[in-house]
Amino acid sequence: MRFRPAVRPDLAQLLALLGDAPPADSDAHVLVTDAHERAFAAIDDDPRNELLVLDAGDGTVLGFLQATYIPGLGNNAADRALLEAVRVHPDHRSSGHGRRLVAHAVERARQRGCTLVQLTSNKARTDAHRFYENLGFTRSHDGFKLRL
């Protein structure tokens, strides 16, 4: 297993883990749309964003997350990292892969000079909440969204 940046050929696997892609012609595949392609390219081209992958060693994505590095004026003008879309393949949950993936992302944030790592999680994902709390994350804020 190794950590690496996501590459374009990973896109279908990432979308399958997110559960965000419309199904293609079989259950084993997902449809990668032009919108997905544009979003991947925008993330990949932005130095403040990373798609971090845990690779089985053969190109199989065991898990991934998106890390965004955000400059700020608060907290003594410290950068912070925002983790999103943290996913581990269902067949590999409870194996320590998620713990390794998040630990790797935290270390990347530390290397970039961030003093805080934050994330949000859907309220319905109670197993994920326990996981994050076991990693040392604390619930400190309520989040709000405005759909446009």
Side-chain angles (χ1 to χ4, degrees), residues 1-21 29-30 32-148:
M1 284 180 278
R2 65 186 175 105
F3 295 105
R4 61 172 175 79
V7 292
R8 169 50 193 89
D10 296 326
L11 190 50
Q13 291 184 80
L14 304 182
L15 294 173
L17 287 175
L18 282 173
D20 256 8
H29 296 91
V30 296
V32 178
T33 67
D34 288 341
H36 294 125
E37 296 277 3
R38 285 190 304 274
F40 182 89
I43 293 166
D44 196 44
D45 289 345
D46 184 343
R48 290 201 169 268
N49 276 284
E50 294 182 313
L51 289 170
L52 301 173
V53 166
L54 176 58
D55 184 313
D58 62 359
T60 301
V61 175
L62 300 176
F64 87 101
L65 59 79
Q66 180 175 348
T68 302
Y69 304 101
I70 306 166
L73 293 174
N75 200 19
N76 203 26
D79 284 2
R80 66 186 179 275
L82 173 64
L83 305 185
E84 297 183 284
V86 179
R87 296 292 190 277
V88 172
H89 191 284
D91 293 345
H92 296 277
R93 291 186 185 144
S94 299
S95 63
H97 294 332
R99 179 175 293 278
R100 285 188 282 282
L101 180 60
V102 172
H104 180 72
V106 167
E107 183 55 31
R108 293 277 305 136
R110 189 174 282 117
Q111 290 169 356
R112 290 182 66 120
C114 296
T115 62
L116 177 73
V117 176
Q118 61 190 35
L119 57 83
T120 61
S121 181
N122 187 300
K123 287 185 177 191
R125 298 185 70 218
T126 56
D127 289 343
H129 302 168
R130 269 192 306 280
F131 169 71
Y132 298 133
E133 288 171 340
N134 285 334
L135 294 177
F137 287 84
T138 58
R139 295 177 193 234
S140 62
H141 292 72
D142 283 328
F144 297 88
K145 291 184 180 184
L146 176 64
R147 297 249 180 230
L148 303 177

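Along the sequence shown, residues carry numbers from 1.
- Listed here is the closest heavy atom pair of K123 and T126: O-CG2, 4.0 Å.
- For R125, there are no salt bridge (Lys or Arg N to Asp or Glu O under 4.0 Å) partners two or more places apart in sequence or in a different chain.
- Classified by interplanar angle (parallel below 30°, tilted 30° to 60°, perpendicular above 60°), the ring pair H97/H92 is tilted.
- Annotation: salt bridge (charged side-chain N to carboxylate O under 4.0 Å, His left out) contacts involving residues 136-148, sequence neighbours excluded, comprise E133-R139.
- Looking at H36 and T33, their side chains do bring a donor and an acceptor atom within 3.5 Å of each other.
- A distance-only check finds a donor-acceptor pair linking the side chain of H129 to the backbone of N122 [under 3.5 Å].
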- R100 and F3: side chain to side chain contact (heavy atoms under 4.5 Å, CB included), yes or no, with the steps? CA-CA 9 Å; R100 285 188 282 282; F3 295 105; 3.9 Å; yes
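- Distance check, rounded to the nearest 0.5 Å: CZ of F137 to CG of L119 gives 4.5 Å.
- The salt bridge (charged side-chain N to carboxylate O under 4.0 Å, His left out) pairs that include a residue from residues 71-86 are R48-D79, where partners are two or more places apart or lie in different chains.
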- Show your reasoning for whether side chain to side chain contact (heavy atoms under 4.5 Å, CB included) applies to F40 and V32. CA-CA 11 Å; F40 182 89; V32 178; over 6 Å; no
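- The two residues D58 and D55 make their nearest non-hydrogen contact at N-OD1, 3.2 Å.
- Every residue two or more places apart in sequence or in another chain was checked for a salt bridge (Lys or Arg N to Asp or Glu O under 4.0 Å) with D44, and none qualifies.
- No donor-acceptor distance shorter than 3.5 angstrom exists from the side chain of E37 to the backbone of L11, with no hydrogens or angles considered.
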Give every donor-acceptor pair under 3.5 Å between a side-chain atom in residues 67-76 and any protein atom, sequence neighbours left out.
{"residue": "T68", "atom": "OG1", "partner": "N49", "partner atom": "OD1", "Å": "2.6"}
{"residue": "Y69", "atom": "OH", "partner": "E50", "partner atom": "OE1", "Å": "2.5"}
{"residue": "N75", "atom": "ND2", "partner": "T115", "partner atom": "OG1", "Å": "3.2"}

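- Counting all heavy atoms, side chain and backbone alike, L18 lies closest to A85 at CD2-CB, 3.7 Å.
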- Item | Step-by-step side chain to side chain contact (heavy atoms under 4.5 Å, CB included) determination, V61 to H89 | CA-CA 8 Å; V61 175; H89 191 284; over 6 Å; no
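- For the atom pair CG (L14) and CZ (R8), the distance works out to 9.5 Å, reported to the nearest 0.5 Å.
- No donor-acceptor pair under 3.5 Å is formed between the side chain of R99 and the backbone N or O of L135.
- The two residues S121 and A128 make their nearest non-hydrogen contact at OG-CB, 4.0 Å.
- L62 contributes atom CG, which lies 9.0 Å from atom CD of Q13 (distance to the nearest 0.5 angstrom).
- Partners of D10 under the salt bridge (Lys or Arg N to Asp or Glu O under 4.0 Å) rule, at least two apart in sequence or in another chain, are R4.
- Contact detail for L83 and A105: the closest heavy-atom pair is CD2-CB, 3.9 Å.
- Atom CG of L54 and atom OG of S95 lie 8.5 Å apart (nearest 0.5 Å).
- The structure places CD of Q66 at 11.5 Å from CZ of R87, a figure rounded to the nearest 0.5 Å.
- For V53 against P5, the heavy-atom pair with the smallest separation is CG2-C, 4.5 Å.
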